[in-house]
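Step one of this worksheet: look at the structure below.
Letters go in sequence order (proteins before strands), and every chain restarts at 1.
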Number of protein chains: 2
Amino acid sequence: MPSSLIQKLSRTPESPADRPAETVDTKSRILDAAEELFMEHGFEATSLRLITTAAGVNLAAVNYHFGSKEELFQAVLTRRLDPMNQERMRLLSAYETGAGNHPLTCEKIISAMFIPALKLARDHRTGGKNFLRLLGRAYADPAPFIREFLSSQYAEMIARFRAAFARALPHIPREELSWRLHFVMGALSYTLAGTDALKMIAQFQPGDTENDEKVLRRLAPFLAAGLRSPVDTASDAHLWFADT
Amino acid sequence: MPSSLIQKLSRTPESPADRPAETVDTKSRILDAAEELFMEHGFEATSLRLITTAAGVNLAAVNYHFGSKEELFQAVLTRRLDPMNQERMRLLSAYETGAGNHPLTCEKIISAMFIPALKLARDHRTGGKNFLRLLGRAYADPAPFIREFLSSQYAEMIARFRAAFARALPHIPREELSWRLHFVMGALSYTLAGTDALKMIAQFQPGDTENDEKVLRRLAPFLAAGLRSPVDTASDAHLWFADT
DNA sequence: GCTCATTTCAAACGAACGTTTGAATATTTC
DNA sequence: GAAATATTCAAACGTTCGTTTGAAATGAGC
């Protein structure tokens with residue numbers, strides 16, 4: 001009986017700093033290897049044998065420490081996703097407090113979403129870049145257990161940011177704003193996924209190692225402009241989808 | 001020896017209209033079933049036994065008609081993707097001809113991208129909606145054979161539209177424009193994928209069957225505003241990613 | 001109506017999958 | 001240091017996977 005089944009969902013009690021780099025415990029080694037391999041091959045195509053071999057642990061260790069492959073995947077996600085979303089909300093609250101009772105600008109709200117993601121990507125100690133790509137991929141995964149898990153993980157944060165945007169853009173109808181927030185999250189996750197097929201044909205010069213920070217610095221104004229754009233009226237419809 | 005191995009890559013020679021609905025040939029039944037099941041479960045999680053059972057054909061039919069599971073997946077994509085991209089380019093050329101030597105508006109270029117996708121989604125005869133979701137998922141799939149296939153399928157269309165945007169937005173640097181086009185394609189595919197986890201928590205009222213047309217009518221102005229937005233200068237950087 | 005190529009079919013192939021088991025080893029507790 | 005608990009390990013479990021096989025059924029050409 002693994003004792004970890006009880007404390008599995010608690011925040012990581014171990015402190016990874018005061019340990020030599022080579023003697024990390026089995027759970028962490030599995031999480032690190034799984035994070036990279038899930039990112040590289042996806043959930044279904046990554047076998048437990050591949051993970052445990054890369055982690056240098058026994059095959060049965062995954063089922064012992066995490067229960068199942070699905071629970072391992074969720075553990076990989078929560079380890080970084082939950083702290084990131086917590087920091088997003090904390091940052092948004094700090095901005096709101098600093099602004100008094102005035103609504104925030106779109107730029108400020110977006111930066112509250114992006115900065116924690118950026119910090120994660122910058123963090124070379126953790127394999128942050130791998131994780132963001134894995135996360136972007138998970139958004140599009142059809143598996144129900146992934147979808148439900150992400151929904152529960154994001155529910156609180158999305159609600160907070162929707163309220164902030166609603167105050168920043170009071171002239172935009174609530175339903176329209178929901179869609180625009182949806183577009184923002186989509187563009188962000190798609191961009192962070194990073195290895196999409198379309199990127200390959202965009203003929204970016206090889207060697208231009210645009211890091212995530214530079215990309216997000218391009219994406220943020222792009223999205224802010226979209227959020228602020230005037231609401232499309234029915235009379236404008238012909239501009240877009242005129243027949244032939 | 002299957003003769004189809006030779007003509008496999010040629011455009012579908014059979015005409016699907018002059019055939020009774022129940023007696024479609026084996027290849028089409030496999031393609032239809034595969035399209036829906038790949039969409040629902042993803043590539044890896046969809047077994048050939050599931051596909052052939054749903055299609056009402058023998059298990060070995062897939063390997064006989066398509067060669068392998070991977071080639072079946074590619075066939076599912078090309079069947080609709082190639083005509084759609086051809087129509088996109090044809091539409092763009094028609095717009096450009098109609099505008100004489102004047103550059104097109106962003107709205108016009110975007111509609112040349114969206115309308116063919118919309119027509120596909122509208123087409124109830126073909127399972128167009130399923131296909132667009134499958135396509136959105138394929139963009140984020142890590143499998144190399146999928147990525148390379150999509151790259152080759154999209155290369156020509158992307159180049160055409162990049163040139164059109166470059167003429168429409170001459171003040172935007174070439175590299176910035178590449179990224180913005182990348183954001184546009186990302187938002188489009190992400191939106192069309194449709195079943196992402198974030199959508200579930202956006203608290204859209206159940207029963208509001210927003211069809212793809214309405215969604216794209218919201219997305220298009222959003223993206224056009226982003227495309228036109230002023231280029232972020234270095235002096236604006238503090239607006240976005242100021243520390244804490 | 002015979003011939004020959006094409007397509008369908010049931011059955012089986014070897015390999016890889018996630019998971020379980022029970023003994024061996026390491027760690028903690030008193 | 002003995003007892004109890006926690007972890008590791010090799011081995012095997014039953015299942016499912018994509019693919020192959022060779023014979024049976026079907027259709028076309030002359």
Protein-nucleotide distance (B:L59, atom CG; C:dC13, atom P), rounded to Å: 15 Å
Could you go step by step and tell me if B:R218 and A:E175 meet the salt bridge (Lys or Arg N to Asp or Glu O under 4.0 Å) rule? CA-CA 11 Å; B:R218 296 178 192 276; A:E175 194 185 359; 3.8 Å; yes
For B:S47 and D:dC17, is the shortest distance between a side-chain N/O and OP1 or OP2 below 4.0 Å? yes
Assess whether ring-ring contact (aromatic ring centres under 6.0 Å, His included) is satisfied between A:Y154 and A:Y139, documenting all intermediate values. CA-CA 11 Å; A:Y154 270 97; A:Y139 283 134; 5.6 Å; yes
Whole-Å distance, B:E70 CD to D:dT19 P, equals 8 Å
Measure the distance from CG on A:D25 to C1' on D:dA6 and round it to the nearest whole Å. 13 Å
Is the phosphate of C:dT7, meaning OP1 or OP2, less than 4.0 Å from a side-chain N or O of B:N58? no
It should be established whether B:S68 places a side-chain nitrogen or oxygen under 4.0 Å from OP1 or OP2 of nucleotide D:dG18. no
With heavy atoms under 4.0 Å as the rule, sort A:T52 into base, sugar-phosphate or nothing. nothing
At less than 4.0 Å, is any side-chain N or O atom of A:H65 found next to OP1 or OP2 of D:dA6? Yes or no. no
Ignoring hydrogens and angles, state whether a donor on the side chain of B:E148 or B:S151 is under 3.5 Å from an acceptor on the partner side chain. no
Under a 3.5 Å distance rule, please check whether B:R88 uses its side chain to pair with a backbone N or O of B:M113 as donor and acceptor. yes
Over all strands shown, is A:A60 touching base, sugar-phosphate only, or nothing at heavy-atom distances under 4.0 angstrom? base
Give the rounded distance in Å between these two atoms: CG of B:N63 and P of C:dC13. 17 Å
Where each residue is assigned the nucleotide of DNA chain C containing its nearest heavy atom, which of A:K69 and B:V57 is assigned the position nearer the 5′ end? B:V57
Rounded interatomic separation in angstrom, taking CZ from A:F73 and C1' from C:dG18: 16 Å
Nearest-Å distance for atom pair CZ/P, residues A:R49 and C:dT20: 13 Å
Nearest-Å distance for atom pair CG/P, residues A:L48 and C:dT20: 11 Å
Strictly distance-based, threshold 3.5 Å: is any side-chain N or O of B:R137 a donor or acceptor partner for the main-chain N or O of B:M39? yes
Roughly how many Å is it from CD1 in A:I51 to C1' in C:dC17, rounded to a whole number? 12 Å
